Number of protein chains: 2
Amino acid sequence: MDNQRTQAIKRHSFRETTCQSCTLRSLCLPLSLTTKNLEKLDSIIARGRPFEKGEMLFRQGESFGSLFALRSGCVKTYSVTDSGEEQITGFYLPGELVGLSGIDTDIFPVNAIAIETTTVCEIPYPKFEGLTDEIPELKRQLISSLSKTIRRDMQMMLLLSQKDAEARIANFLLDLSTRIERRGYSADFIYLAMSRNEIANYLGLAVETVSRIFSRLQKAQAINVNGRAVDILDVAALTKAAGSCLFNEKKDSREEIPSVNTG
Amino acid sequence: MDNQRTQAIKRHSFRETTCQSCTLRSLCLPLSLTTKNLEKLDSIIARGRPFEKGEMLFRQGESFGSLFALRSGCVKTYSVTDSGEEQITGFYLPGELVGLSGIDTDIFPVNAIAIETTTVCEIPYPKFEGLTDEIPELKRQLISSLSKTIRRDMQMMLLLSQKDAEARIANFLLDLSTRIERRGYSADFIYLAMSRNEIANYLGLAVETVSRIFSRLQKAQAINVNGRAVDILDVAALTKAAGSCLFNEKKDSREEIPSVNTG
DNA sequence: ACAGGCACCTGATCTATGTCAAAAAAATAG
DNA sequence: CTATTTTTTTGACATAGATCAGGTGCCTGT
């Protein structure tokens with residue numbers, strides 16, 4: 001069930017106990033902080049036991065208190081409408097920040113749940129906010145994360161409002177590929193932490209459609225699917241299937257992005 | 001062409017020359033600043049001549065330098081993909097902030113264009129950022145705007161990925177209604193600053209569909225349409241057509257929201 | 001006032017994708 | 001290991017909404 005990659009992610013992260021020694025530092029909030037400021041940040045961070053698959057980091061409606069930086073694993077955020085439908089608003093990988101959408105309210109507007117065993121750094125927001133007064137660089141970092149999330153969301157809206165099923169899925173796969181590559185893994189292999197159902201919900205499609213498109217892309221030799229293991233065989237073909245993207249997206253995707261998706 | 005409402009908006013705003021005397025203060029960044037801090041903010045703001053319909057506040061790819069707070073009129077933001085398709089990412093009303101999505105890059109990721117005569121307060125970002133160091137309340141205000149934008153975007157994603165054409169349009173109208181009501185006008189009458197085409201693009205629909213749904217809602221006595229003038233006859237029916245919404249949306253929508261939509 | 005061009009509306013098709021149904025494969029429980 | 005449930009795949013069919021086509025009215029500039 002756990003493949004090499006997830007094993008590796010777990011192994012490399014469990015030992016880390018400070019931001020300074022964390023291999024995700026360059027992807028996360030600490031990016032470009034001085035050693036001294038790193039220590040300050042470190043001192044407010046809480047690192048608890050791992051969340052098992054299915055455990056919730058926080059719930060929609062619960063009082064907002066902390067941001068969460070992922071150290072390992074994978075988290076999804078979703079909202080529930082008043083009639084009970086769920087809408088997944090994002091999947092998060094190590095180094096990414098979960099909880100940004102709750103910052104200015106007293107409550108979280110989404111649920112966050114671990115979809116595989118996950119370790120996090122919990123960042124109590126009131127303390128963190130205090131730190132941003134002392135450390136302008138940290139403030140800039142937070143604002144930057146928020147702004148990047150907004151740009152991501154724009155991209156997602158473009159996807160949902162103009163692209164067909166195949167393009168949505170191609171984009172989804174390429175996005176994951178880029179993100180795991182940035183974390184030091186091969187861009188050509190993805191182990192999906194989420195079910196077809198979750199992918200469908202996230203992309204605004206029916207499960208059956210997701211399944212069919214996976215099959216179609218496999219038949220076209222663009223990918224090789226084996227349950228949740230996906231090999232990318234032909235990036236060019238996938239990119240073509242993904243269709244046009246926003247200007248500067250490529251450039252953008254090469255930057256370090258501390259936070260992505262909505263949550 | 002210009003109806004009573006837009007005339008009124010223009011009239012009441014043109015005279016304002018300081019944040020202190022601005023009637024939009026409670027909807028905008030100044031919210032909850034002390035008089036002294038208000039003056040500081042005021043001193044960095046530039047107020048130029050109005051943008052005529054069709055004039056651009058800034059262009060995608062242009063270097064990011066300022067945020068823009070609308071004083072009157074209406075602005076749309078849109079991105080262009082590398083193959084030339086346009087995607088409208090937001091419509092902005094007086095009191096709302098345009099440009100947030102460019103904050104952490106050196107370039108604007110979207111175009112912003114006035115879709116009717118529009119006056120703005122230009123807020124040079126480097127200076128503004130400096131002010132956020134001095135005025136934690138202003139920093140909080142900015143972070144709050146960003147976070148609210150993210151929640152809005154989530155809502156939009158839900159709309160695009162789960163709702164049918166009728167629900168999208170009902171939501172769109174109710175959203176506009178709420179926003180203009182918050183600005184002191186009747187919630188029952190909307191003068192649309194944007195064309196059917198722009199509505200269609202924004203909502204991920206074909207123009208013809210928008211037109212048909214308008215007709216259908218009119219036939220159902222929920223609204224009365226006369227070109228760009230829309231009377232809301234039956235809020236309950238519209239709300240029902242809009243379908244389920246995210247928990248807490250109602251509560252949320254009653255807060256003062258300095259910025260909305262992506263841009 | 002008139003011509004040209006948009007913006008908007010409405011009807012007739014066509015199609016991508018949703019829905020329903022059922023089987024195969026994989027995960028989980030016992 | 002076997003039974004049961006859940007996830008995934010595939011096929012057949014239905015449908016919302018896109019596309020195509022045409023018509024009307026409105027605004028613009030001359």
Side-chain angles (χ1 to χ4, degrees), chain A residues 1-3 6 52-54 76 85-88 115-117 159-173 190-220 223-230 241 243, chain B residues 1-3 52-54 76 85-88 115-116 159-173 190-220 223-230 241 243:
Chain A
M1 164 193 356
D2 266 343
N3 74 330
T6 53
E52 295 304 323
K53 178 175 174 171
K76 79 169 178 191
E85 306 154 71
E86 291 186 10
Q87 168 67 34
I88 296 175
I115 60 176
E116 61 184 40
T117 305
L159 204 67
L160 293 173
S161 85
Q162 312 216 309
K163 305 295 183 117
D164 64 16
E166 188 169 306
R168 290 186 205 185
I169 289 180
N171 266 298
F172 177 73
L173 292 175
I190 304 173
Y191 182 80
L192 298 169
M194 66 294 288
S195 70
R196 299 284 190 272
N197 238 307
E198 289 168 325
I199 297 173
N201 179 295
Y202 180 57
L203 296 177
L205 301 168
V207 207
E208 294 92 328
T209 306
V210 173
S211 196
R212 273 186 260 267
I213 304 276
F214 270 58
S215 301
R216 192 197 300 173
L217 289 173
Q218 171 155 262
K219 196 179 271 176
I223 61 177
N224 199 348
V225 190
N226 234 300
R228 294 189 174 194
V230 177
Chain B
M1 165 195 352
D2 267 342
N3 75 329
E52 294 305 321
K53 179 175 175 174
K76 79 170 178 191
E85 305 154 72
E86 292 185 9
Q87 168 67 33
I88 296 175
I115 60 176
E116 60 184 39
L159 204 67
L160 292 173
S161 85
Q162 315 214 308
K163 305 295 182 112
D164 65 15
E166 188 169 307
R168 291 185 205 185
I169 289 180
N171 266 297
F172 177 73
L173 292 175
I190 304 173
Y191 182 79
L192 299 169
M194 65 295 288
S195 70
R196 300 284 190 274
N197 240 305
E198 289 168 325
I199 296 173
N201 178 295
Y202 180 58
L203 295 177
L205 300 169
V207 207
E208 294 92 329
T209 304
V210 174
S211 195
R212 273 187 259 267
I213 304 277
F214 270 56
S215 300
R216 194 197 297 172
L217 288 173
Q218 171 155 261
K219 195 179 274 176
I223 61 176
N224 198 346
V225 189
N226 234 302
R228 294 190 174 192
V230 178

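All figures in this text were calculated on a predicted structure; none of them were measured in a lab. Just so it is clear: chains get the letters A, B, ... in the order the sequence lines come, proteins before strands, and each one is counted from 1.
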ask   = Contacts to DNA chain C from residues 223-230 of chain B, heavy-atom cutoff under 4.0 Å, which residues?
value = R228(B)

query = For L205(B) and dA16(C), what is the distance between atoms CG and P respectively, to the nearest whole Å?
reply = 18 Å

query = Would you find a donor on one side and an acceptor on the other, under 3.5 Å apart, between the side chain of R168(B) and the backbone of L203(B)?
reply = yes

inquiry  = Rounded to whole Å, how long is the line connecting atom NZ of K163(B) with atom C1' of dG17(D)?
reply    = 18 Å

Length of the line joining I169(B):CD1 and dC9(C):P, which is rounded to integer Å = 11 Å

ask   = Can you tell me how far C1' of dT8(D) sits from CD1 of I213(A), to the nearest Å?
value = 15 Å

remark   = Nearest-nucleotide check on DNA chain C, G204(A) vs S195(B); residue mapping nearer the 5' end is S195(B)

message = Could you work out how much the helix from dA1(C)-dT30(D) to dG30(C)-dC1(D) bends, comparing the axis of its first five pairs with that of its last five, to 10°?
response = 60°

key: Results of side-chain hydrogen bond (donor to acceptor under 3.5 Å, both in side chains) for E86(A) - residues two or more places apart only   = none

message = Suppose we screen for salt bridge (Lys or Arg N to Asp or Glu O under 4.0 Å). Which residues come up paired with E208(A), at least two apart in sequence or across chains?
response = none

task = Let me know the distance between CD1 of I115(A) and P of dA27(C), rounded to the nearest Å.
result = 15 Å

message = Distance check needed: dT9(D) C1' versus R216(A) CZ, whole Å only.
response = 14 Å

query = If we only count heavy atoms from C-beta on, is the M194(A) to F172(A) side-chain gap below 4.5 Å?
reply = yes

message = Applying salt bridge (Lys or Arg N to Asp or Glu O under 4.0 Å) as the test, list every pair that has at least one member in residues 192-201 of chain A; sequence neighbours left out.
response = K76(A)-E198(A)

message = For the backbone of A167(B) and the side chain of N171(B), can you confirm whether one donor and one acceptor N or O come within less than 3.5 Å of each other?
response = yes

ask   = Side chains of N201(A) and Q162(B): closer than 4.5 Å at any heavy-atom pair?
value = yes

task = Please check if the side chain of Q218(B) supplies one atom and the backbone of V225(B) the other of a donor-acceptor pair under 3.5 Å.
result = yes

inquiry  = Within the 4.0 Å limit for protein heavy atoms, which parts of nucleotides 10-16 of chain D are touched? Write it as a string from 5' to 3', B for base, S for sugar-phosphate only, - for none.
reply    = BBB----

request  = Mind checking the OH-CD1 spacing from Y202(A) to I169(A)? Nearest 0.5 Å is all I need.
outcome  = 13.0 Å

ask   = For the pair made of CD in E116(B) and P in dC27(D), what is the distance, rounded to whole Å?
value = 16 Å

task = Measure from CD on E85(B) to P on dA18(D) and round the result to the nearest Å.
result = 15 Å

query = Between atom NZ of K163(B) and atom CD of Q87(A), what is the distance when rounded to the nearest 0.5 Å?
reply = 10.0 Å

remark   = Value for CD1 (I213(B)) from CG (L205(B)), rounded to nearest 0.5 Å, stands at 7.5 Å

